[in-house]
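All values below come from the heavy atoms of this structure, side chains included, with hydrogens, waters and symmetry mates left out. Residue numbering restarts at 1 for every chain, and letters A, B, ... go by the order of the sequence lines.
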Amino acid sequence: MPELPEVETVRRDLQRRVRGAVIERVEVRNPGSLRGLAPRPFTGEIRGRRFDGFARRGKHLLCALCSGDTLVVHLRMTGVMLHQSVRDPLPAMARIVFHLRGGRRLVFADQRKFGTMELAADPLSLPAIWKLGPEPLGRTFTAARLRDALQGRTGPVKSVLLDQSVVAGLGNIYVLEALHRAGISPKRKACGLRQAETARLHRSIVAVLRAAIAARGSSVDTYRDGQGKRGWFQVQHRVYDREGKACKRCGAVIVKEQFRGRGTYWCPGCQR
DNA sequence: AATCGTTCCTGATAGC
DNA sequence: TGCTATCAGGAACGAT
């Protein structure tokens, strides 16, 4: 599923290939993807505009239009943003299609229809954006800041790291991968981590995200980049989707358990 | 204020 | 073989 590294990969693809493109027409094939907004004002505001640039905040893709408005996209579990030629077959799960001048299009496809997009004059006015915690690859995300955020949180560290107001952009895959690298069990109480463990966790989060971006993300299931290609970080996973396999660090068998309604992978041998 | 369960959705898959 | 039940999960939401 698209988390920070996947959304960042798509952002870079679109920045390189779609920036400057003019939208001739918007096709709304699934109005539900527009988060309750009626299709008519949506298409009307976008038609004829130019994509000025692509930014990212957490897992949100921010598409700036020349009108000053921003198209805020969240891919959730199965969303993809595919830049293709009009000669290419339209994906079966195409939900919103931006027909671009010059024979190309930008397709928002989404199997499970959980993904959303909305138009905002100022993205910071959206709760989903202003409530976000620090960018884990930004200067404000320090070990001290992570330690502060975990203080007073009695829930399991895995759940707390999935809270987007603590750190922005982590999902199930990278939380579990970071916890393994840090040697910390997902079930540990967040506020119970020692300072050295918090420091290790901070380093692990940064390291795993950087490595995943370098590998263009994890294509465990439906994730694809802006050209429809797979990422390859999944082959570097140490716990996620590795149930029953040997831990690459200590050799113990990786276990999977439903924990708080989510599949949770960890190594009982080296995660304490 | 934090936390927990529920809900949304549909293709893939396991089980019979 | 073919059908059906189950599963995957980010985040909003309501209840506690």
Name the closest nucleotide to the A:R112 side chain, picking from B:dA2, C:dG9, C:dG10. C:dG9
Can you measure A:I173 atom CD1 to C:dA8 atom P for me and round it to whole angstrom units? 14 Å
For A:R95 and for A:V160, find the nucleotide of DNA chain B with the closest heavy atom, then tell me which residue's nucleotide is more 5'. A:V160
With hydrophobic residues grouped by side-chain heavy-atom distances under 4.5 Å, do A:L100 and A:L65 end up in a single group? yes
Charged N to carboxylate O under 4.0 angstrom, A:R12 versus A:E8? yes
Return the 5'-most residue of the pair A:A128, A:M77 with respect to DNA chain C, ranking by each residue's nearest nucleotide. A:M77
Whether A:E27 and A:R105 form a salt bridge (side-chain N of Lys/Arg under 4.0 Å from carboxylate O of Asp/Glu) is what I want to check. no
A:F259 CZ to C:dA8 P, in whole Å, measures 15 Å
Would you classify A:G263 as touching base, sugar-phosphate or nothing, given that sugar-phosphate means primed atoms plus P, OP1 and OP2, and contacts are heavy atoms under 4.0 Å? sugar-phosphate
Nearest-neighbour nucleotide for the A:K113 side chain, B:dA2, C:dA8, B:dT10 considered: B:dT10
Look at A:K158 and C:dG9 and indicate whether a side-chain polar atom (N or O) is within less than 4.0 Å of OP1 or OP2. no
With a 3.5 Å cut-off and heavy atoms only, can you find an N or O donor on one side and an acceptor on the other between the side chain of A:R76 and the base of C:dG9? no
Could you check how far CD of A:E6 sits from P of C:dG10, rounded to whole Å? 11 Å
Tell me which nucleotide among C:dA11, B:dA2, B:dG11 gets nearest to the side chain of A:R153. B:dA2
Under 4.0 Å, heavy atoms only, any strand: does A:G155 hit a base, just the sugar-phosphate, or nothing? sugar-phosphate
Short side-chain N/O contact from A:T78 to OP1 or OP2 of C:dG9, under 4.0 Å: no
C:dG10 phosphate, OP1 or OP2, under 4.0 Å from A:Q164 side-chain N/O: no
Closest of C:dG10, B:dT10, C:dA8 to the A:Q111 side chain is B:dT10
Below 6.0 angstrom between ring centroids: does that apply to A:F141 and A:H202? yes
Taking only the side-chain nitrogens and oxygens of A:Q258, find out if one of them lies under 4.0 Å from OP1 or OP2 of C:dC7. no
Hey, is the side chain of A:H74 poking within less than 4.0 Å of OP1 or OP2 on C:dA11, counting only N and O atoms? yes
Quickly work out the A:D221 CG to C:dC7 P distance and round it to whole Å. 16 Å
side-chain contact (heavy atoms from CB on, under 4.5 Å) with A:H83: of A:D13, A:D225, A:D88, A:V18, only one passes, and it is A:V18
So, does A:Y240 get its side chain near the phosphate of C:dG9, meaning an N or O under 4.0 Å from OP1 or OP2? yes
Using whole Å, what does the distance between atom P of nucleotide C:dA11 and atom CG of A:L170 come to? 10 Å
C:dA8 P sits how many Å from A:E257 CD, rounded? 13 Å
Could you give me the CA-CA distance, side-chain angles and deciding distance for A:R57 and A:E135, then say whether salt bridge (Lys or Arg N to Asp or Glu O under 4.0 Å) is met? CA-CA 7 Å; A:R57 181 75 174 94; A:E135 280 295 321; 2.9 Å; yes
Which part of the nucleic acid, if any, lies within reach of A:K256 when heavy atoms closer than 4.0 Å are counted: base, sugar-phosphate only, or nothing? sugar-phosphate
What is the distance, rounded to the nearest whole Å, between atom CG of A:N30 and atom P of B:dC9? 10 Å
Which whole-number value in Å describes the distance from A:D163 CG to C:dA12 C1'? 13 Å
